[in-house]
Structure formats: C-alpha cells, structure tokens
Participant: 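Sharing a structure below in structure tokens format, with a few things to ask.
Only this structure's heavy atoms are used, side chains among them; waters, hydrogens and symmetry mates stay out.
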Amino acid sequence: MKLIAIVGTNAKLSFNRKLLTYMKHHFSDKAEIELCEVSNLPIFCEDAPEVPEAITQIAKQIDDADGVIIGAPEYNHAVPAALKSLLEWLSWSVHPFTKKPIMVVGVSLGNMGTVNSQSNLKHILNSPGINAYVLPGNQFLLGHAHDAFDAQENLRDAKTASWLDQCFGNFVEYINAINFSAARNDDESVDISTGSTQIDPNIFKAMRDHTTIEDEEKTDTDTGASNPDENLHD
C-alpha cells in the first residue's frame, strides 16, 4: 500500500513533520509512506494561466497513492495558510482528492491538540471540488508536543502510540473497503445529491468494532484536543 503524508505547514521546525516521519518508519511494514512538503509552493491565485509544475507533481503523487495522511498544526482555530493554498490549487483545475481516502492527524504545543483545525480541515475536504473520503472517527489529537517524543523521536506515551496504531489500522481497513467498493462500482453508497462523501457505514462494520465511542473518549482524554489559547504553534 502506498500513502502520501502531507506536512501541512511550511515551518522549518514542525512537530507535525516529526509525527509523520514517525508514522513513516513505525508503519513501514504496513505501507510505504512518502512525505510531501508544502514549503516553497506558490500561493493560489485563480488568475494563474495554468497550474504550476510543483502543484502538478503533487497532484500526480496523490493520484498514484492509495490514500493520503495530512498532519497539520492549528493557527487561529484553522489550518495554516500554506496548506489551505495547496488545497485550493488541488480543487481548481486538477482534482486528485476526489474519492481519495484521507486520514487527518495533528500536533500542537497546547493542552488539547488540534481539534479546531481538524474540524476546519475536514470541512474543507468535504467541499465540492475536493470531495475526499475522510476517515470518520479515529481522531488523533496530540498535545504537549515538546514532551510527546523521546530522544529517538518515537512517541513517548504507550497509550498514545497504541491509539495511533489503532487509528492507522482502521485507515488501512478503510482504504481496502473503499477500493473493494470501487472495484464493484458500488456508487450507491455515496450520497451524491448532498455532496456528502460519507461512505455507507455498513461497509466499515469491522472498523467500527475496533473503534468504540468509549475508546475515542478515553484517548481524547489521554492525548488532548485543541486549546484555543495555545494553538499558534506547530
């Protein structure tokens, strides 16, 4: 399985880049994960005569991948401008996210992770022109970034690492289920009339069996969600 992991910030020092790098190595036996940077990309402008080559290359990477992971910090309750600009490019004249499975993760220095920016990002990914298949539930919110990683840049807390393992395992199942549905050409599971990209929940019974509401509530307590007073950090 091939995945693209988008580092959703142009900051040189990024705990979200560190998390995605950890995932790349930690899950190497389950998927080939390639990091994609948003640094040095042109800002979106609809007056552009064509899509820049750098954007076209990223679109091809996404097209060729089985799924996408996006890791982003929270700036003023939303995703960074650099990531938002990339998403605008990729919903203008090229649309690589259409029906593409996506997992959202986030890290911040605050007490509660990136709950607001994740909500903002998922709202964007569900918009016309993008129409991504965002993994439901499985919300991975990592706070206290300075203390989250050990000297080897592995996740320090065993419960946090276990929750990420569970979320990623569910993402793999989600991708497999979508690919199976696509192979059967079962478009009836998508509510096209509303523009929703939610998949028929019956397809993902096995995934739901692994992810209970109790699990999510417990893990949110362990790892945190977004603190609006401390979210202007990566």
Side-chain angles (χ1 to χ4, degrees), residues 3-9 16 20 36 38 41 44 46 51 55 58-59 61-63 65-108 113-141 167-168 170-182 185-205 207-208 211 213 216 220 225-226 228 231:
L3 304 176
I4 297 298
I6 298 175
V7 181
T9 174
N16 285 275
L20 294 176
C36 173
V38 301
L41 295 177
F44 173 75
E46 62 183 357
V51 178
I55 303 299
I58 293 176
Q61 286 181 286
I62 295 172
D63 274 332
D66 296 296
V68 177
I69 306 168
I70 302 178
E74 180 168 313
Y75 296 169
N76 298 319
H77 292 183
V79 297
L83 175 59
K84 181 61 164 58
S85 176
L86 173 63
L87 296 175
E88 288 169 349
W89 279 120
L90 298 179
S91 62
W92 185 41
S93 63
V94 292
H95 305 274
F97 286 118
T98 300
K99 298 185 179 181
K100 184 70 66 174
I102 295 183
M103 177 182 183
V104 174
V105 298
V107 188
S108 80
T114 55
V115 65
N116 291 307
S117 66
Q118 287 199 24
S119 177
N120 170 244
L121 178 55
K122 290 175 180 179
H123 187 68
I124 294 170
L125 293 171
N126 196 44
S127 63
I130 296 185
N131 289 316
Y133 285 161
V134 181
L135 176 69
N138 298 279
Q139 193 171 30
F140 187 80
L141 308 162
C167 291
F168 187 81
N170 289 337
F171 185 48
V172 171
E173 290 186 16
Y174 187 68
I175 292 172
N176 289 334
I178 287 175
N179 290 341
F180 177 74
S181 178
N185 197 26
D186 185 14
D187 293 333
E188 293 180 358
S189 62
V190 183
D191 187 355
I192 298 175
S193 63
T194 63
S196 172
T197 57
Q198 295 298 317
I199 309 299
D200 181 351
N202 292 324
I203 297 177
F204 307 109
K205 183 177 184 302
M207 183 180 69
R208 294 202 315 274
T211 311
I213 294 176
E216 292 188 24
D220 284 353
S226 176
N231 62 23

Participant: Taking the side chain as everything from C-beta on, heavy atoms only, tell me whether Val115 gets closer than 4.5 Å to Gln139.
Facilitator: yes
Participant: Can you give me the closest heavy-atom contact between Cys167 and Met103, atom names plus distance?
Facilitator: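 Minimum heavy-atom separation between Cys167 and Met103: CB-CE, 3.7 Å.
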Participant: If I compare all heavy atoms of Val104 with all of Lys122, which pair ends up nearest, and what's the gap?
Facilitator: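 Looks like CB-CE, 4.1 Å.
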Participant: State, with a plain yes or no, whether a side-chain heavy atom of Phe140 is found less than 4.5 Å away from one of Phe168.
Facilitator: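 Of all side-chain heavy-atom pairs linking Phe168 with Phe140, none is under 4.5 Å.
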Participant: Atom CG in Leu83, atom CD in Glu88: separation rounded to 0.5 Å?
Facilitator: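 Answer for the CG-CD pair, Leu83 versus Glu88, is 10.0 Å.
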Participant: Which atom pair, heavy atoms only, marks the closest approach of His77 to Asn120?
Facilitator: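 Distance-wise, the nearest heavy atoms are O-CB, 4.1 Å.
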Participant: Can you confirm whether Val51 sits close enough to Leu90 that some side-chain heavy atom of one is under 4.5 Å from a side-chain heavy atom of the other?
Facilitator: no
Participant: Rounded at 0.5 Å granularity, tell me how far CD1 in Ile130 sits from CG in Leu125.
Facilitator: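 One gets 5.5 Å once the value is rounded to the nearest 0.5 Å.
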Participant: Just wondering, do Val105 and Phe171 contact through their side chains at under 4.5 Å, heavy atoms?
Facilitator: no
Participant: What distance separates Asn16 CG from Ile69 CD1, expressed to the nearest 0.5 Å?
Facilitator: 12.5 Å
Participant: Any donor-acceptor pair under 3.5 Å linking the side chain of Tyr75 with the backbone of Ser117?
Facilitator: no
Participant: Would you name the heavy atoms of Gly71 and Leu20 that are closest together and state the gap between them?
Facilitator: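 Residues Gly71 and Leu20, closest heavy atoms: N-CD1, 4.0 Å.
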Participant: Taking side chain as C-beta onward, heavy atoms only, is Leu41 less than 4.5 Å from Ile58?
Facilitator: yes
Participant: Got a donor-acceptor contact below 3.5 angstrom from the Lys100 side chain to the Ile62 backbone?
Facilitator: yes
Participant: Please name the pair of heavy atoms, one in Ile4 and one in Cys36, separated by the smallest distance, quoted to 0.1 Å.
Facilitator: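 The pair with the smallest heavy-atom distance is CG2-CB, 3.8 Å.
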Participant: Should Val107 and Thr114 count as side-chain neighbours, where that means a heavy-atom distance under 4.5 Å?
Facilitator: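 A side-chain contact under 4.5 Å is absent here.
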Participant: Given side chains that start at C-beta, do those of Pro73 and Pro80 come closer than 4.5 Å, heavy atoms only?
Facilitator: yes
Participant: Would you compute the distance between atom CG of Asn126 and atom CD1 of Ile124 and round it to the nearest 0.5 angstrom?
Facilitator: 11.0 Å
Participant: Hey, what do you get for CD1 (Ile55) to OG (Ser85), rounding to the nearest 0.5 Å?
Facilitator: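 Answer for the CD1-OG pair, Ile55 versus Ser85, is 6.5 Å.
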Participant: Search all heavy atoms of Leu86 against all heavy atoms of Ile6 and return the closest pair with its distance.
Facilitator: CD2-CG2, 4.2 Å
Participant: Rounded to the nearest 0.5 Å, what separates atom CG in Leu87 from atom CZ in Phe97?
Facilitator: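 Reported to 0.5 Å precision, the distance equals 5.5 Å.
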